[in-house]
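Side chains included, hydrogens not; waters and symmetry mates left out as well; all remaining heavy atoms used. Here the structure is a predicted model, which is why all the values come from computation and not from measurement.
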Amino acid sequence: MNRYDHSKIEPKWQKHWEVKKLNHAREDSTKKKFYALIEFPYPSGDGLHVGHIRSNTAMDVVARKRRREGFEVLYPIGWDAFGLPTENFAIKTGIQPEIVTKKNTDTFRRQLKSLGFSFDWSREINTTDPKYYKWTQWIFLQMLKKGLAYKKKMEINWCPKDLIGLANEEVIDGCCERCGTKVEKKEKEQWMLAITQYADRLDKDLDLVDYLPRVKTQQRNWIGKSEGAEINFKIVGNDTVVKIFTTRPDTIFGATYIVLAPESLYAQELVAQAENTIEVAQYIQDVKSKTDIERTSADKEKTGVELKGVRAISPGTGEEIPVYVADYVLAHYGTGAVMAVPAHDERDAAFAKKYGLPVKHVVESLSTLSEGPDAVKPGLPFVERDAAVCIVRHWSEEKYLMSFYRANGWKGFIVGGLEGGETPAIAGTREIHEESGYKNARFVRDVGVLHSQFFHQVKAVNRSAHFKVAYFELADGERDEMSEDEKKLHEVVWLSEGEVEKAMNREDIQLAWKFFKKGPCFTGEGILVNSGKFNGKNSTEVKKEITESVGGTWVTKFKLRDWVFSRQRYWGEPIPVVHCEQCGVVPVPEKELPIQLPKVKNYKPTETGESPLAAIEKWVNTKCPQCKGKAKRETDTMPNWAGSSWYYLRYADSKNKKEFASIKNLKYWTPVDWYNGGMEHTTLHLLYSRFWHKFLYDQGLVPTNEPYQKRTSHGLILAEGGEKMSKSKGNVVNPDELIKVVGADTLRVHEMFMGPFDQAIAWDTNTIAGSRRFIERIWALHTKVGESQNTQIDSLMQKTIKKVSTDIEEMRFNTAISALMIAVNDLEKETTISKENYEILLGLVAPFAPHVADELWSLLKNKKSIHLAPWPIFDEKRVVEGSGKIVVQINGKMRATFEAPPGTGDKELEELAKKLPEVGKWIEGKNIAKVIVVKGRVVNIVLI
RNA sequence: GCCGAAGUGGCGGAAUUGGUAUACGCACACGACUCAAAAUCGUGCGGGGAAACCCAUGAGAGUUCAAGUCUCUCCUUCGGCACCA
């Protein structure tokens, strides 16, 4: 056999591995286990995507390496087969989803097998198999039992033309994806899962697992934990109390009104008490009829309406303040009501500005310089001083007067002390004249107040300055000469807005400018004022104290919302409950599971928006398990996230008829050691399955707190133009064709070599030739195997073992292949290669190109598969120290290289370097300041 | 707006973690083989320059004997979240 023919080799070895059950995982093994997992595919009609191949190959490489390292490896596969595309296909064609699913999974199975993935096919699962979804339903019942599943009225997206409820992803720009009709909102009772009860643990336990940092942060942001205070605001004249949530209880003395979310219970309750009930009710109605996009679009102007005659008592000041209903407050977060502090919250500021509401400042900024010559000197006392900061506009141009102080390099505005209770208007006018000579400055307005602590170099004291920022305009350019003293201290310049922003080099001055340009809304930490007994204190430090003083409580809130678990669809797991006229919602007894999907003729939802199951009377009408009276089955089905929330557990014991998986098997296999999947699943699937797992853990049904020990993510493969691959764009790459032409091994190698595994990359069919050549070269090398002794080659192969081994662990597959290519290039130059070195090469290539590796391995008269051979072990003793090439730098620039035996002393290297002619011409007649020698690598000669 | 990742040849991308920038592959050019082509093999391949050398890792500063790598500022691109009080 001489020619490399992938079309013969690949099916041959695939069959061989299957017959020998090479990839079957055994839980009775005495070996240490390793559970490798990829996200099981949705078997779409498009067939396998090159993206699937990328992540499957990656974990296949890891799994194959682990087996050879002596682990008992579970690398399973199955089908996440419930879902919309199949159902929509059924609606359109009338073909049963089961039949479509069967056809699609057959295609996927054939394709995956043709790629030689080392899946344990004996554990194959399918979420649409009643033997599987029996347990999905069973887990739901356990949640129902524990009160984690409940019903709630929710709004769904409703297409009035297709008469169908739409998932969010089916709504494009507020319109139905398929018919373009504007989507309406419709209220429906929906099943919910209380994932929020696990919010804190889902956040905290991220500390226990080894996930990609970006996965962790994305989950943390999604969960959105934040701490704050709940504080009651009494409504004047009756018993109503509005509880608000705030993370800034320290600003409570600045609350000038409160705001209720339109959908909140508070709004519903208080609308009747308002003098303008009709107006408010109309506003609430208007908000409801808006689409999500209209409501949340980027920088939409805030709207709202006052509840006239309704007043709340601010618990800090005891003052009566107005009550508004406005859609910038969300009903589902916090308590659905907020106190508005326009002085210290940007949103409240915008709203207050629009509706002319009062602004009360209660926190003043305090910046303390801690770096540079003006940094506060510890130990020195502070000298307090009131001062005006003067922002001065040019008389004819859009320019502002800045003052550059010579002593400390401070670039700011003209500052002058306020003597004996002066106003900034008076003091400012005087100081502008004194410091710049300009005579006709006119005070326009106060801008804001801020405090600053720094070391005053001229006065040699720590200064605690209270800056009152004021805005002036010059009437004309009339000016006196600046005094010599002033000229020594600073110079004044006119700068445009952009130049001002670039020039300012102190935090306090930047804030002064921000107040001037954008209004004095200050959202930072600072000193309290106008806050009764809390005046002068640090705003952050007294948060809890203030909360307590107004009778509030300190609480933790989450952005995460409960999971809407109902779908008004056919192709999903039926929710296993019945609705009894007598007993209400009754769970189906566990022994009656699974509740199977009945066969139907029409897969379209009913006109009332219920799932098509509602039309199957024989199925719907049933008896109540409790009272045996008339009852109707729940016709909602589960979302396709349900089956995928626990599938990794089923793999541990996929044939079990008594339990979803035996605890014995779970104890052996779980947690999943390494789970690779897409970033797009970070906040849904990954979080949902962590939630289910924790629930099962709490019931004692699984042995671990977390399902996945390690989580990594692959980058997407895009079409050649860089867009997403999609059937509609016609840019999908067909793997069958590629496998036929270049072979599975080449395709696998190519996908690993394309680029960094975790980054998105555009497909490029042209470059695949390089991967094919690589394999052909490995093939050709087998004719060179013979007697050979070459320590250089031995060393190279040892280094390659090390590089490939660590690169696989870090998922740097592209550089692993690159190292193998380098090895092949060097081996090609030899006339003979030792069997040992060739076997090392094959051993390292095997996880990437398993078929050709096994074929060549057998040509070397090995009886057992290469995939049963131990993973090559790096032997440091056989590594020959590098050739001893030393780089000579002059002032850090490479000028020459020379050879020196490894272990040459530093001094000797220096002397050798100096003797080189290329070096001599640089150092001749120059003084050498010093010479730096990096052991065995660099000699850097530094000239003066 | 906030959070995260990244900017290196014609292209995909390397760089022992601060020590020869452009490994490996693709494309391209030339040569060998061939009647010819493909395949294969060999050589070359960041820019400027005859050369000595000089310039180059998004831009600008800084630290260092030495910076793609560290620090700061800015620009661009891609992801995620988006009125979360």
Quiz item: Who passes salt bridge (charged side-chain N to carboxylate O under 4.0 Å, His left out) against R54(A), sequence neighbours left out?
Solution: none
Quiz item: With a non-hydrogen cut-off below 4.0 angstrom, is V942(A) in contact with a base, only sugar-phosphate, or nothing?
Solution: sugar-phosphate
Quiz prompt | d(NE2, H714(A); C1', G79(B)) in whole Å | solution = 14 Å
Practice problem: Could you tell me the separation between the CD atom of E230(A) and the C1' atom of A85(B), rounded to a whole number of Å? | Solution: 13 Å
Exercise. Report the residue (A261(A) or M821(A)) whose heavy-atom-nearest nucleotide on RNA chain B is the more 5′ of the two.
Key: M821(A)
Quiz item: Say you pick atom P in G80(B) and the same atom in G62(B); how far apart are they, in whole Å?
Solution: 39 Å
Quiz item: Under 3.5 Å, is there a donor-acceptor pair between the H681(A) and E39(A) side chains?
Solution: yes
Practice problem: Specify the separation, in whole Å, of atom CZ of R220(A) and atom C1' of G80(B). | Solution: 16 Å
Self-check item: Quiz item: K302(A) side-chain donor-acceptor pair to C83(B) base, under 3.5 Å
Solution: yes
Quiz item: Considering residues, nucleotides and ligands other than R220(A), do more than 12 of their heavy atoms fall under 6.0 Å from its CZ?
Solution: yes
Quiz item: Does U22(B) adopt a syn or an anti glycosidic conformation, taking syn as a chi angle within 90° of 0?
Solution: anti
Quiz item: Would you say a side-chain N or O of Y333(A) is under 4.0 Å from OP1 or OP2 of A85(B)?
Solution: yes
Practice problem: Report yes or no: do Y266(A) and T335(A) form a side-chain donor-acceptor pair below 3.5 Å? | Solution: no
Practice problem: Take nucleotides 1-21 of chain B nucleotide by nucleotide from the 5' end and write B, S or -, depending on whether a protein heavy atom sits under 4.0 Å from the base, only from the sugar-phosphate, or from neither. | Solution: --SS-------BSSSBB-BB-
Quiz item: Base, sugar-phosphate, or nothing: which does T682(A) touch, judged by heavy atoms less than 4.0 Å apart?
Solution: nothing
Exercise. Can you establish whether the number of heavy atoms outside E876(A) located under 6.0 Å from its atom CD is more than 12?
Key: no
Quiz item: Once the angle between the rings of Y328(A) and F351(A) is folded into 0 to 90°, is it parallel (under 30°), tilted (30 to 60°) or perpendicular (over 60°)?
Solution: tilted
Quiz item: Touch check for R561(A), heavy atoms < 4.0 angstrom, all strands: base, sugar-phosphate only, or nothing?
Solution: nothing
Quiz item: Just checking, K557(A) and F245(A): is the charged tip under 6.0 Å from the six-membered ring centre and within 45° of the axis?
Solution: yes
Quiz item: Contact class for R895(A) vs. all strands (heavy atom < 4.0 Å): base, sugar-phosphate, or nothing?
Solution: sugar-phosphate
Quiz item: Can you tell me how far P of C83(B) sits from NZ of K354(A), to the nearest Å?
Solution: 17 Å
Practice problem: For D807(A) and C24(B), give me the distance from atom CG to atom C1', rounded to whole Å. | Solution: 12 Å
Quiz item: Can you check side-chain contact (heavy atoms from CB on, under 4.5 Å) on M797(A) and L827(A), steps first, answer last?
Solution: CA-CA 9 Å; M797(A) 291 318 293; L827(A) 290 172; 4.1 Å; yes
Exercise. Please work out if K930(A) contacts a base, only the sugar-phosphate, or nothing of the nucleic acid, heavy-atom cut-off 4.0 Å.
Key: sugar-phosphate
Quiz item: How far, in whole Å, is G46(B) from A52(B) if one measures between their P atoms?
Solution: 16 Å
Exercise. Whole angstrom is fine here: how far is it from CD in E346(A) over to P in C83(B)?
Key: 15 Å
Exercise. Count the heavy atoms belonging to other residues, nucleotides or ligands that lie under 6.0 Å from NZ of K354(A), then report whether that count exceeds 12.
Key: yes
Quiz prompt | G18(B) to G13(B) separation - P atoms, rounded to the nearest Å | solution = 24 Å
Exercise. Taking Watson-Crick and G-U wobble pairs with both distances under 3.5 Å, convert RNA chain B into its dot-bracket string, 5' to 3', dots for unpaired and | for cross-strand pairs.
Key: (((((((..(((......[....))).(((((.......))))).(((....)))..(((((..]....))))))))))))....
Exercise. For nucleotides A56(B) and A21(B), find the distance between their C1' atoms and express it as a whole number of Å.
Key: 10 Å
Practice problem: Using the P atom as the reference point in each nucleotide, state the distance between G60(B) and G42(B) in Å, no decimals. | Solution: 41 Å
Practice problem: Could you work out which one of C54(B), A23(B), G25(B) sits closest to the side chain of N825(A)? | Solution: G25(B)
Exercise. Would you please classify the geometry between the Y4(A) ring and the W779(A) ring as parallel, tilted or perpendicular, with 30° and 60° separating the classes?
Key: tilted
Quiz item: So, is R773(A) close to the U40(B) phosphate, meaning a side-chain N or O under 4.0 Å from OP1 or OP2?
Solution: yes
Quiz prompt | P-based separation of G68(B) from G9(B) [nearest Å] | solution = 14 Å
Exercise. Report the C-alpha separation of W763(A) and N731(A) in whole Å, then their side-chain angles, then the decisive distance to 0.1 Å, and conclude whether the side-chain contact (heavy atoms from CB on, under 4.5 Å) test is met.
Key: CA-CA 10 Å; W763(A) 183 262; N731(A) 55 11; over 6 Å; no
Exercise. Look at all strands and tell whether K893(A) reaches a base, only sugar-phosphate, or nothing, counting heavy atoms closer than 4.0 Å.
Key: sugar-phosphate
Quiz item: For atom C1', what is the distance between C30(B) and U77(B), given to the nearest Å?
Solution: 38 Å
Practice problem: Assign G9(B) to syn or anti; the rule is syn for a glycosidic angle within 90° of 0 and anti otherwise. | Solution: syn
Self-check item: Worked check of salt bridge (charged side-chain N to carboxylate O under 4.0 Å, His left out) between E910(A) and K907(A)
Solution: CA-CA 5 Å; E910(A) 183 181 332; K907(A) 204 73 203 158; 3.7 Å; yes
Exercise. Rounded off to whole Å, could you give me the CZ-to-P distance for the F774(A) and C26(B) pair?
Key: 12 Å
Exercise. Using atom OH of Y257(A) as one end and atom P of A85(B) as the other, report the distance to the nearest whole Å.
Key: 16 Å
Quiz item: Mind checking the P distance from C78(B) to C83(B)? Whole angstroms is fine.
Solution: 22 Å
Self-check item: RNA chain B: 5'-proximal contact among M679(A) and E918(A) (nearest heavy atom)
Solution: E918(A)
